[in-house]
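Below is one structure, written out as structure tokens; comments come after it.
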Amino acid sequence: MESLHEFQRKRIKMALEERKTRYDCRTTDQHFKEGDQVWMQNPKRWRGLSPKLQQNWDRPYAIVKKLDHVLFTVHHHAGATHHISM
């Protein structure tokens with residue numbers, strides 16, 4: 001019984017590694033720097049309007065400061081400043 005469990009654990013581990021390899025082949029690493037223009041995802045949904053017809057992205061923002069490799073401070077022309085994670 002123990003050998004069967006070990007065999008299954010090895011098979012699951014191999015399958016996970018294979019999926020990770022396939023996923024990593026399709027992804028691209030994004031490098032942003034200060035001054036780059038980015039779009040911010042807008043999760044806000046209005047009642048009575050199909051989500052399919054609502055805007056998923058909000059106007060271009062400029063990256064003001066890079067706080068971390070995934071955390072940025074962005075600013076748009078209307079004067080609002082946000083911290084976002086990419």
Side-chain angles (χ1 to χ4, degrees):
M1 194 64 142
E2 289 293 322
S3 63
L4 183 61
H5 285 287
E6 281 184 40
F7 175 74
Q8 287 298 337
R9 283 188 197 114
K10 287 179 185 176
R11 297 275 304 203
I12 290 170
K13 186 176 181 180
M14 287 174 28
L16 288 173
E17 289 172 357
E18 183 179 330
R19 284 189 211 130
K20 182 184 179 340
T21 303
R22 287 184 183 175
Y23 175 81
D24 290 344
C25 288
R26 291 187 310 257
T27 61
T28 57
D29 196 17
Q30 300 291 332
H31 298 285
F32 297 105
K33 58 186 181 292
E34 292 179 12
D36 284 353
Q37 296 286 314
V38 294
W39 286 78
M40 188 160 49
Q41 188 173 14
N42 182 14
K44 190 177 193 180
R45 296 288 168 245
W46 297 98
R47 261 187 142 174
L49 186 62
S50 170
K52 195 176 192 178
L53 301 175
Q54 295 182 28
Q55 291 186 358
N56 294 326
W57 301 95
D58 196 15
R59 66 183 135 221
Y61 287 79
I63 294 179
V64 177
K65 186 176 181 182
K66 185 174 182 178
L67 303 173
D68 195 0
H69 68 283
V70 294
L71 188 62
F72 299 89
T73 301
V74 295
H75 176 81
H76 67 83
H77 67 279
T81 302
H82 303 280
H83 296 288
I84 60 170
S85 176
M86 290 188 218

Quiz item: Are Q41 and W57 close enough, and set up right, to give a side chain to side chain contact (heavy atoms under 4.5 Å, CB included), and what steps lead you there?
Solution: CA-CA 4 Å; Q41 188 173 14; W57 301 95; 3.5 Å; yes
Rounded distance [0.5 Å steps], [atom1] in [X] versus [atom2] in [Y]:
X	Y	atom1	atom2	answer
M40	D58	CE	CG	5.5 Å
E6	E2	CD	CD	7.0 Å
T73	I63	OG1	CD1	9.5 Å
W39	Q55	CH2	CD	8.0 Å
K33	F72	NZ	CZ	11.0 Å

Quiz item: Shortest non-hydrogen contact from L49 to Q54?
Solution: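 So the two residues come closest at O-NE2, 2.7 Å.
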Report, one line per pair, each donor and acceptor closer than 3.5 Å where one atom sits in a side chain of residues 19-28; sequence neighbours left out.
from : atom 1 : to  : atom 2 : distance (Å)
K20  : NZ     : D24 : OD2    : 2.6
T21  : OG1    : E17 : O      : 2.8
R22  : NH2    : E18 : OE2    : 2.9
T27  : OG1    : D24 : O      : 3.2
T28  : OG1    : Q30 : NE2    : 3.4

Quiz item: After noting the C-alpha distance and the side-chain angles of V74 and V64, does the key distance pass the side chain to side chain contact (heavy atoms under 4.5 Å, CB included) rule?
Solution: CA-CA 5 Å; V74 295; V64 177; 5.8 Å; no
Quiz item: In this structure, are over 12 heavy atoms from other groups packed under 6.0 Å from K66 atom NZ?
Solution: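 More than 12 within 6.0 Å, yes.
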